[in-house]
Asker: 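Supplied in structure tokens, the structure appears directly below.
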Amino acid sequence: MCGIFGYVNYLVERKRIDIVHTLLDGLQRLEYRGYDSAGLAIDGDKPNEVLLFKEVGKVAALRQLYDSSNTDGDKTFVSHVGIAHTRWATHGEPSPLNAHPHTSGPLNEFVVVHNGIITNYREIKSLLESKGFKFETETDTECIAKLAKYVYDLNKHRDLDFTELAKLVLVELQGSYGLLLKSIYYPHEIIATRKGSPLLIGVKTEKKLKVDFVDVEFPDFPDISVEPASNFNDSLLVPGAPDLRRSQSRAFVSEDGIPMQSEFFLASDPSAVVEHTKKVLYLEDDDIAHIYDGELHIHRMRREEGLPTFRSIQTLEMELNEIMKGNFDHFMQKEIFEQPESIVNTMRGRVDFEKKTVNLGGLKAYLNTIRRCRRIIMIACGTSYHSCMATRAIFEELTEIPIAVELASDFLDRRSPVFRDDVCIFVSQSGETADTMLALQYCTERGALTVGIVNCVGSSISRQTNCGVHINAGPEIGVASTKAYTSQYVALVMVALSLSDDRISKRARREAIIDGLSKISAQIQEALLLNDSIHMMAETDLVNQKSLLILGRGYQHATAMEGALKIKEISYMHSEGVLAGELKHGVIALVDENLPIIFLATHDSLFPKVMSAVEQVIARAGNPIIICNKGESALSKLHKTYRTLQVPATIDCLQGLLNVVPLQLMAYWLAVRKGFDVDFPRNLAKAVTVE
Ligand code: F6R
């Protein structure tokens, strides 16, 4: 998905080349989200000059474009604002013209980078065209820059400050946005704002900040343009005198009165900021951040009851090495091998293995309400949906509450009934998936209690749910989700355990699961030892196949679905996860001596039924690959004839955490063998922020 990065230096002398590299490196950190073009805007040599560089393809291509432009890299800037963007095409094909930053016109008076969609851009565009503006691109974003110019010209005589101008522009926009706005009329200033699309600001100052928060500032004239103009006539003029008072941001007040050197890093994702600073401020929807004179100010259009009047400057938990590949060839590979550790991080401080208890701070106050609910609806997409499928049965068993598992898009398509006494659990790695977000809004409007199970701290879903659990898997950069899946799985099991901890009848079962959790990290490590044999199997047996089936039932149905999704996503091989019980109802027609069929035949109460499906396949000359437990005696006859992948045994409801590992490795090695870009599979983005 699109990525935003901005860099502001104030009284910190930087060469242009360093500024450009900071912007490009920031974009490179966002590459994992998926994109098809990139661009940046910096100041030119003359005053009031802004230079734009835009290129299709990778950030490396943009770097080359800049390098070949003969721009004077040695020119220094004491204060400067640069903005940059990676674009994932939605309106208009990937092209240098459609790439961001977009401009108000040939003089680049206003330039903007934008994530999200302006749904009323056609109306804005035709009104601006009627005022003589010429649009060059097919994008929705261009209208923002041109609207800014129009509003500026209309109010020229009034000497608006950048915030006031931004308010007049923003009030006209419908849809979602995270955006940065830069202008030659407001040199060294930047506007950053969001509505439904994440944006955070990293802060690096020469001296310690006075306070670790920024006050929210409200207008003195609350009636200034808080309603959109019905058409672009004089209503875009500021009524009355503009508020010329410039406030001081308490955090940035320097004790000795000497202006403080500062740098700001604005990004849609913390991974682009962490190498510069760990002090960050997450913007809330409708916040308008205005940075000037080394100070960060947060404005809002109007005062809202009950909302905090400050924004905290927090410390990022993320470490730089978490977003580097280290000794691995790909992020996906690194993340598969990180699972023994990431799963421990999910449980850290929450599961007491001695006392056999689970304590989830983010849910504690809501547990009784959840226990009393009429039903729990788990809602997610893709891999996150599979983690819900994987844990549904243990939820039902431990809580005895009816559990529905829903794909967010289908749930919304059906306008499924939701009631005040429902609890809706939203599971998402990114916390920004549009379908899941829309489902969250839908359930919030209907008064249900909403719970988030999210990896990205500060993401929209984690902020907009009533309560929840961060899975703490660490940044997941590979587009194909692996460690987030296993951590979501564990987090959901922990939620089920917490909900049932008032039930004596479930105690033995709960304790057995907690025992299972205590060993699971070491067992994942053991399952990872299959790496070499799976590598070999992918190279020799599987790489030339056109299709592959994965069969499992009970807890392993979700594993089959998840394994098949991984294989499709990155090796582009058709693969299907099938409920083993459904084999005889149609899928068996596909069985022949060629089609690889992977069975998830680890030991649980359904093992005999899975084995009968294996027999049915063998009876039709099929050639199964069997994922089974180490030393499974029932399979001793088959070991010699058919290929097996042996994983450690754990309690039934956790076995999926181990069984998925060989399938992740298989997907990985198939993609590597086929020469595909493992971390950037075609057509996919890390966070799907469009419907
Ligand atoms: C698959 C994958 C996707 C995501 C899905 C939901 O490897 O990554 O299927 O799981 O797009 O994304 P999140 O979890 O960010 O809501």
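For ligands, and for the atoms within them, numbers begin at 1 and follow the listed sequence. We use all heavy atoms of the structure for the numbers below, so side chains are in, but hydrogens, waters and symmetry mates are not.
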Asker: Answer with yes or no whether Val479 contacts ligand 1, where contact means a heavy atom under 4.0 Å from a ligand atom.
Answerer: yes
Asker: Go through ligand 1 atom by atom and flag the ones less than 4.0 Å from a non-hydrogen atom of Gln429.
Answerer: 13 (P), 14 (O), 15 (O), 16 (O)
Asker: Closer than 4.0 Å to some heavy atom of Glu569 - which atoms of ligand 1 meet that?
Answerer: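 Numbered from 1, ligand 1 contributes 1 (C), 2 (C), 7 (O).
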Asker: Using a 4.0 Å heavy-atom cut-off, say whether Glu432 meets ligand 1 through its side chain, its backbone, both or neither.
Answerer: neither
Asker: Step through the shown structure and confirm whether more than 12 heavy atoms of other residues, nucleotides or ligands are within 6.0 Å of CZ on Arg414.
Answerer: yes
Asker: Just to confirm my output: which protein heavy-atom neighbour is closest to atom 11 (O) of ligand 1, and how far is it?
Answerer: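 Closest protein heavy atom to atom 11 (O) of ligand 1: Val688 CG2, 4.0 Å.
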Asker: Once you measure the plane-to-plane angle for Phe265 and Phe5, does it fall in the parallel (<30°), tilted (30-60°) or perpendicular (>60°) bin?
Answerer: tilted
Asker: Identify whether the distance between the nearest side-chain nitrogen and carboxylate oxygen of Asp329 and Lys334 falls below 4.0 Å.
Answerer: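 So Asp329 does not pair with Lys334 through a salt bridge.
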Asker: Has ligand 1 got any nitrogen or oxygen that is less than 3.5 angstrom from a nitrogen or oxygen of Thr433?
Answerer: yes
Asker: Taking the basic N atoms (NZ, or NE/NH1/NH2) and the acidic carboxylate oxygens, is any pair closer than 4.0 Å for Asp285 and Lys195?
Answerer: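 Result for this pair is no, no salt bridge flagged.
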Asker: Under 4.0 Å from a heavy atom of Lys566: give me the atoms of ligand 1 that qualify, with their elements.
Answerer: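 That gives atoms 1 (C), 7 (O) of ligand 1.
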Asker: Output every pair passing side chain to side chain donor-acceptor pair (under 3.5 Å) with a member in residues 435-446, not counting sequence neighbours, ordered by first then second residue.
Answerer: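 Residue pairs passing side chain to side chain donor-acceptor pair (under 3.5 Å), neighbours aside: none found.
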Asker: With heavy-atom distances below 4.0 Å as the criterion, list the atoms of ligand 1 near Ser428.
Answerer: 13 (P), 14 (O), 15 (O), 16 (O)
Asker: Side chains of Ser481 and Thr383: is there a donor and an acceptor less than 3.5 Å apart?
Answerer: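 Looking only at side-chain atoms, Thr383 and Ser481 do not form any donor-acceptor pair under 3.5 Å.
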Asker: Pair Lys568, Glu576 - check salt bridge (charged side-chain N to carboxylate O under 4.0 Å, His left out), show working.
Answerer: CA-CA 9 Å; Lys568 280 185 258 222; Glu576 225 179 296; over 6 Å; no
Asker: Which residue supplies the protein heavy atom nearest to atom 5 (C) of ligand 1, what is that atom called, and how far is it?
Answerer: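 Going atom by atom, the protein heavy atom closest to atom 5 (C) of ligand 1 ends up being Cys381 O, 3.7 Å.
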Asker: Return yes or no for this condition: an N or O of Ser384 is under 3.5 Å from an N or O of ligand 1.
Answerer: yes
Asker: Picking from Ser460, Ser268, Ser459, Ser462, what satisfies side chain to side chain donor-acceptor pair (under 3.5 Å) with Glu432?
Answerer: Ser460
Asker: Which residue and non-hydrogen atom of the protein lie closest to atom 10 (O) of ligand 1, and at what distance in Å?
Answerer: Thr383 N, 3.1 Å
Asker: For atom 15 (O) of ligand 1, which protein heavy atom lies nearest, and how many Å away is it?
Answerer: Ser430 OG, 2.6 Å
Asker: Going by an N to O cut-off under 4.0 Å, is there a salt bridge joining Asp287 and Arg194?
Answerer: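 Judged by the 4.0 Å cut-off on N to carboxylate O distance, Asp287 and Arg194 do not form a salt bridge.
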Asker: Enumerate the atoms of ligand 1 whose separation from the nearest heavy atom of Ala480 is less than 4.0 angstrom.
Answerer: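 Selected atoms, number and element: 7 (O).
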